[in-house]
Amino acid sequence: MTVTTSSVPVHRALPAGFAWGAATAAYQIEGAVTEGGRTPSIWDTFSHTPGRTENGDTGDTAVDHYHRFRDDVRLMADLGLTTYRFSLAWPRIQPTGRGPASQAGLDFYRALTDELLSHGITPVATLYHWDLPQELEDAGGWPHRDTAHRFAEYTALAAEALGDRISTWTTLNEPWCSAFLGYGSGVHAPGRTDPADALKAAHHLNLGHGLAVGALRAALPGASRIAVSLNLHAVRPLSDHPDDLAAARRIDAVGNRVFTSPMFKGRYDEDLLKDTAHLVRWEELVRDGDLAEISRPIDLLGLNYYNPTVVSSAANARNLARHDGHGDSPHSPWPGAEDVAFHRANDDLTAMGWPIDPTGLSDTLTALHREFGLPLLVTENGAAFEDVPDADGAVHDPERIRYLESHLAAVADAVEAGADVRGYYLWSLLDNFEWAYGYGKRFGIVHVDYATQQRTPKSSARWYSQVIRRGGLA
């Protein structure tokens with residue numbers, strides 16, 4: 001959605017009952033990629049393909065959470081987390097993406113959730129954080145309609161086995177990345193570069209979400225809550241020139257409304273259909289009943305936020321370098337808007353090269369509240385910095401503390417403005433495998449020595465622990 005700079009005054013306390021958490025993803029932390037019957041995902045294949053990841057890094061071992069989860073949960077408890085958001089590995093629960101569940105895979109997640117609950121930490125499960133079973137990709141992947149139905153089948157298996165332990169479920173994490181980075185620009189698995197396939201994947205991810213909501217409603221107790229986590233782009237035009245405003249509209253369409261309109265309004269917007277009509281036949285792609293399925297009601301909307309997206313027309317850009325923060329590729333992840341220019345919001349950058357601007361978080365939360373009226377969660381927010389242990393082994397990261405403090409203040413701004421924000425999940429608990437960036441980018445509040453797997457809470461972890469105990473920044 002297109003948002004403007006917030007002028008809401010800071011209110012530093014957050015409501016009673018606010019959920020204080022951290023988030024992770026299975027392939028980034030678990031390791032044990034061949035244990036318990038797990039089969040390869042698209043990220044196993046992608047990371048083992050030469051040239052796809054920095055230094056050829058893979059998630060084969062990651063940070064060995066599969067074997068160290070009890071220690072990691074005790075660490076969460078020491079920090080005072082009240083909730084933990086993690087993803088289930090589809091190929092660990094349903095090897096190959098078809099057929100019955102693996103009891104060994106389910107037992108791992110049963111043990112993990114039991115450990116969390118025994119420490120008073122509420123588990124929040126994400127069903128899909130990018131690890132499509134490779135056999136389903138070989139059959140066509142997300143551009144193929146059947147994948148949505150396979151996702152619903154897997155969802156039912158997970159919910160039936162774990163619904164007695166987990167009361168909050170997220171269907172998809174950042175389907176924009178799955179569709180447009182995986183099938184458009186190719187910087188994420190499976191590494192394909194077809195804009196038409198990217199749009200088909202987006203629709204089938206939407207359909208998979210809707211089918212999964214239905215499967216969850218059928219399997220879970222009535223008090224359970226269902227969410228989706230979207231990395232919505234806080235789109236800002238570089239100027240008020242009509243061409244820049246048009247550029248912002250196009251990016252809003254393919255960056256945000258391609259998901260929010262079918263999920264919450266039961267339609268694809270006409271401008272998106274027009275912008276992309278040369279790529280796909282929407283009238284054939286979207287079948288009768290799809291939009292009703294996709295727009296099944298959910299209980300919570302998750303927002304993943306890192307930085308705003310500033311755009312202009314090509315005519316108003318000094319160059320066409322794409323500073324969109326989504327990796328380098330000659331192929332655009334913006335089908336129908338390939339000629340839009342991207343600009344950094346400022347020069348205060350994280351180690352990812354992402355500008356630090358918390359106003360985009362508060363503005364997006366308040367915009368979501370006004371437009372959809374759903375309870376909100378910040379399901380990811382954090383930053384990578386160059387974290388180096390000192391001579392005594394301590395890791396001081398004052399830049400991350402400043403980042404987190406300003407973004408939590410932005411959440412408080414949104415709450416003060418009336419947004420119903422129920423919780424905040426810091427990304428991430430642990431340093432880990434950062435997708436195509438390998439192990440070179442550290443987002444964790446806990447430092448991991450990858451050679452020894454030793455965990456060391458950084459200064460930011462102790463700071464966040466104090467914030468949790470106070471219930472806010474005040």
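Everything numeric here is computed off the predicted structure, so don't read it as measured data.
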By salt bridge (charged side-chain N to carboxylate O under 4.0 Å, His left out), which residues pair with E338, not counting sequence neighbours? none
Residues passing the ring pair (Phe, Tyr, Trp, His ring centres under 6.0 Å) test with H204, sequence neighbours excluded, are none
Within the side chain of S261, is there an N or O that forms a donor-acceptor pair under 3.5 Å with the backbone of R267? no
Could you tell me if S185 and S329 have a donor-acceptor pair between their side chains, going purely by distance under 3.5 Å? no
Do N304 and N173 have a side chain donor and acceptor closer than 3.5 Å? yes
Crowding at CD, E270 (>12 non-hydrogen neighbours, <6.0 Å): no
Can you check whether R249's main-chain N or O pairs, donor with acceptor, with R257's side chain at less than 3.5 Å? yes
Determine whether a donor-acceptor pair (N or O, by modelled atom type, separation under 3.5 Å) exists between the side chain of S87 and the backbone of A26. yes
Do D44 and Q134 have side chains that approach each other closer than 4.5 Å (heavy atoms only, starting at C-beta)? no
Under 3.5 Å, side chain of T147 to main-chain N/O of G141, donor-acceptor pair present? yes
Name the orientation class of the two ring planes belonging to F108 and F69 (parallel below 30°, tilted from 30 to 60°, perpendicular beyond 60°). perpendicular
Distance-only, no hydrogens or angles: does the H369 side chain make a donor-acceptor pair with backbone N or O of G418 under 3.5 Å? yes
Across all chains, not counting sequence neighbours, the salt bridge (charged side-chain N to carboxylate O under 4.0 Å, His left out) partners of D131 are none
Pairwise salt bridge (Lys or Arg N to Asp or Glu O under 4.0 Å) hits with a residue in residues 424-438, at least two apart: D431-R442, D431-K458
Without swapping roles, check the side chain of T276 against the backbone of G336 for a donor-acceptor pair under 3.5 Å. no
Can D324 and H233 be counted as having a side-chain donor-acceptor contact under 3.5 angstrom? no
Quick one: list whatever passes side-chain hydrogen bond (donor to acceptor under 3.5 Å, both in side chains) with H149, sequence neighbours left out. none
Test item: T364 side-chain N/O and L361 main-chain N/O as donor-acceptor pair under 3.5 Å: no
Is the Y425 to W427 ring centre distance short of 6.0 Å? no
Would you mind checking if D146 and R98 are paired as a salt bridge, meaning a charged N to carboxylate O distance below 4.0 Å? yes
Which heavy atom of R344 sits nearest to which heavy atom of G353, and what is that distance? NE-O, 3.5 Å
Sort and list the pairs that fulfil salt bridge (Lys or Arg N to Asp or Glu O under 4.0 Å) and have at least one residue in residues 182-199, not counting sequence neighbours. E137-R192, R192-D197
Quick one: side-chain hydrogen bond (donor to acceptor under 3.5 Å, both in side chains) partners of W176, sequence neighbours excluded? none
Could you check whether E35 pairs with R38 (Lys NZ or Arg NE/NH1/NH2 to Asp/Glu carboxylate O, under 4.0 Å)? no
Non-hydrogen atoms of S428 and A23 that approach each other most closely: OG-O, 2.8 Å
Kindly state whether the ring of W142 and the ring of Y128 have centres lying under 6.0 angstrom apart. yes
So, Y84 versus D72: side-chain donor-acceptor pair below 3.5 Å or not? no
Set of residues satisfying side-chain hydrogen bond (donor to acceptor under 3.5 Å, both in side chains) with respect to R145, sequence neighbours excluded: D290
Do the ring planes of Y268 and W282 sit parallel (below 30°), tilted (30 to 60°) or perpendicular (above 60°)? tilted
Assess the side chains of R92 and S102: does a donor N or O sit below 3.5 Å from an acceptor N or O? no
Taking only Lys NZ, Arg NE, NH1 and NH2, and the carboxylate oxygens of Asp or Glu, determine whether K265 and E371 approach each other closer than 4.0 Å. yes
Could you report the tightest heavy-atom contact between L404 and G382, atom names first, then the distance? CD2-CA, 4.4 Å
Name the orientation class of the two ring planes belonging to W435 and F433 (parallel below 30°, tilted from 30 to 60°, perpendicular beyond 60°). perpendicular
Is the backbone of A189 close enough, under 3.5 Å, to the side chain of Y183 for a donor and an acceptor to pair up by distance? no
Tell me the salt bridge (Lys or Arg N to Asp or Glu O under 4.0 Å) pairs involving residues 418-428, sequence neighbours left out? D420-R422
Please give me the minimum heavy-atom distance between R52 and P190, naming the atom from each residue. NH2-O, 4.5 Å
With sequence neighbours left out, write down each residue that passes side-chain hydrogen bond (donor to acceptor under 3.5 Å, both in side chains) with K274, or none if nothing qualifies. none
Strictly by salt bridge (Lys or Arg N to Asp or Glu O under 4.0 Å), give each pair with a member in residues 208-226 just once, sequence neighbours left out. R217-D299
Identify all side-chain donor-acceptor contacts of residues 208-215 below 3.5 Å with residues at least two apart in sequence or on another chain.
| residue | atom | partner | partner atom | Å |
| --- | --- | --- | --- | --- |
| H209 | ND1 | T171 | OG1 | 2.8 |

